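Contents: one structure, followed by commentary.
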2 protein chains.
Amino acid sequence: MERLPKKERHQRLARLIEDNPFITDRELTRLLKVSIQTIRLDRLELGIPELRERMKLMAERSFDAVRSLPLHEVIGEIVDLQLDKSGISIFEIREEHVFSRTGIARGHHLFAQANSLAVAVINDEVALTATADIRFIRQVKLGEKCIAKAYVRSSGKRKARVEVFTYVGEETVFRGDFLIVRSAGALQDGGGDRLADRD
Amino acid sequence: MERLPKKERHQRLARLIEDNPFITDRELTRLLKVSIQTIRLDRLELGIPELRERMKLMAERSFDAVRSLPLHEVIGEIVDLQLDKSGISIFEIREEHVFSRTGIARGHHLFAQANSLAVAVINDEVALTATADIRFIRQVKLGEKCIAKAYVRSSGKRKARVEVFTYVGEETVFRGDFLIVRSAGALQDGGGDRLADRD
DNA sequence: CCCCTCTTAAAACCAGGTACTAAATCAGTA
DNA sequence: TACTGATTTAGTACCTGGTTTTAAGAGGGG
């Protein structure tokens with residue numbers, strides 16, 4: 001019954017909406033014991049969009065995530081590819097790739113980009129990663145664009161050694177040394193990315 | 001201009017909505033050259049809900065997905081953890097982790113499980129991966145349950161070396177050697193997983 | 001010709017809002 | 001005490017993107 005101070009109400013409101021984005025203003029009036037106009041003023045002040053807008057944003061995010069996941073097969077966009085020689089791919093660090101608290105990209109995304117590229121650059125129907133030696137040189141933050149460059153250092157019948165360097169601007173942020181195995185028969189792998197599997 | 005037969009229109013309608021769920025009935029009238037009433041009858045017949053309902057469903061799905069993904073931060077379920085000593089996590093290979101054509105798990109998921117565990121086992125507020133040396137020993141297929149075991153081999157003030165072995169049943173499928181850096185200040189990392197970031 | 005399906009139209013209504021105007025309430029202070 | 005300004009509540013008009021219902025043409029087929 002006792003009215004909360006405005007600030008506290010704002011906090012509660014934000015919290016309530018955050019952990020149930022599907023709540024209507026009308027339901028919020030019941031929980032916060034203020035009029036619907038107050039709720040709406042509060043949302044306005046806090047920059048919280050209306051229910052439908054919230055749902056739309058969520059839907060769009062998940063839709064984009066699904067759509068942008070033919071990347072699911074090859075992580076990062078390959079912009080240049082000279083089979084058995086070299087390749088370049090670009091990968092932008094987005095919300096879903098970072099720790100929410102720190103904004104630092106999770107390591108396996110950088111690994112995934114490099115790994116995908118290393119496999120893609122090998123000119124064979126089935127190519128899988130056998131071993132990898134990797135180094136995270138500096139942390140990568142939300143919004144940064146990672147450019148990975150792969151160079152095939154040696155290329156035998158069965159195996160190829162691929163070096164990958166990932167840059168953000170001028171800085172090297174990641175370095176990886178991959179041993180890629182060609183040919184479908186003699187898999188010794190836990191699942192490298194396959195060029196042939198891209199969409 | 002020429003009107004399509006009803007069946008064909010239905011197919012087109014379903015297709016259009018499928019690959020742009022955010023389309024309104026009004027926009028559909030333009031694309032299909034029929035009245036808005038016809039569009040609505042069609043949706044009714046096909047059991048396609050209205051725009052808002054579609055968005056809501058998508059939003060709910062993604063919300064559920066996010067909620068059920070504290071896994072998002074640590075890949076695999078940690079079933080045992082002795083800080084600075086050892087840890088065990090379980091990760092089941094599902095549809096979304098494999099190449100659709102071959103059913104072989106993509107390497108970065110195995111890497112992610114091992115990396116997450118390696119970081120989690122380090123008893124520090126902020127721990128990030130500096131380097132990793134990994135080996136995919138055999139491919140892992142859809143449905144297989146990967147059990148990763150991490151052992152802290154040496155643990156200094158700044159750095160810790162963690163070895164991770166991943167098994168499917170009795171077989172070793174993956175092996176990784178991680179150098180994990182403690183403490184927030186001296187990051188030299190591209191983003192390892194952080195224990196503190198788990199939900 | 002009537003009947004039937006398909007299509008279009010029009011009107012009433014709804015949820016969940018926005019935008020705007022205005023009044024009531026409360027706190028502090030000159 | 002009265003004035004001032006922020007806060008809260010109320011009310012109205014309007015919007016989108018629909019649903020429901022009721023009705024009426026259009027175009028065949030028997």
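Please read these numbers as outputs of a predicted model, since none were measured by experiment. Reckoned from all heavy atoms, side chains included, excluding hydrogens, waters and symmetry mates. Sequence lines set the chain letters: A, B, ... in the order given, protein chains first and strands last, and positions in each chain run from 1.
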Taking only residues two or more places apart in sequence or in another chain, which ones pass salt bridge (charged side-chain N to carboxylate O under 4.0 Å, His left out) with A/Arg161?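 Per chain and number, A/Arg161 pairs via salt bridge (charged side-chain N to carboxylate O under 4.0 Å, His left out) with A/Asp177.
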
Tell me: [atom1] of [X] to [atom2] of [N], nearest whole Å?
X	N	atom1	atom2	value
A/Lys33	D/dT8	NZ	C1'	17 Å
A/Arg40	D/dT12	CZ	P	15 Å
A/Arg54	C/dA15	CZ	P	18 Å
B/Ile39	C/dT8	CD1	P	9 Å
A/Ile23	C/dG16	CD1	C1'	14 Å
B/Lys6	C/dT5	NZ	C1'	8 Å
A/Ile36	C/dC20	CD1	C1'	16 Å
A/Leu13	D/dT7	CG	C1'	16 Å

Close approaches to DNA chain C from residues 42-53 of chain A, in residue order (heavy atom, under 4.0 Å): A/Arg43, A/Glu50, A/Leu51, A/Arg52

Among pairs that include at least one residue of [range], which meet ring pair (Phe, Tyr, Trp, His ring centres under 6.0 Å), considering only residues two or more places apart or in two chains?
range	value
residues 9-52 of chain A	A/Phe22-B/Phe63
residues 33-53 of chain A	none
residues 138-162 of chain B	none

Using a 4.5 Å cut-off on heavy atoms from C-beta on, say whether the side chain of A/Ile104 contacts that of A/Lys141.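 Counting from C-beta outward, A/Lys141 and A/Ile104 do come under 4.5 Å.
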
Would you call B/Arg175 and B/Ile134 a side-chain contact if the rule is heavy atoms closer than 4.5 Å?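 Contact flag for B/Arg175/B/Ile134 side chains = no.
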
Sugar-phosphate, base or nothing in reach of A/Leu41, heavy atoms under 4.0 Å: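 Result for A/Leu41 = base.
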
Heavy atoms only, 4.0 Å cut-off, all strands: where does A/Arg26 land among base, sugar-phosphate and nothing?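 A/Arg26: no heavy atom of the nucleic acid under 4.0 Å.
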
Would you indicate, yes or no, if [N] has its OP1 or OP2 atom less than 4.0 angstrom from a side-chain nitrogen or oxygen of [X]?
X	N	value
B/Thr24	D/dG17	no
A/Arg9	D/dT8	yes
B/Ser35	C/dT8	yes

Under the salt bridge (charged side-chain N to carboxylate O under 4.0 Å, His left out) rule, what pairs show up with a residue in residues 36-45 of chain A, not counting sequence neighbours? A/Lys6-A/Glu45, A/Arg9-A/Asp42, A/Asp25-A/Arg40, A/Asp25-A/Arg43

Please tell me which of the listed nucleotides, D/dT9, C/dT8, D/dG18, lies nearest to the side chain of A/Thr38?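 So the side chain of A/Thr38 is nearest to D/dT9.
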
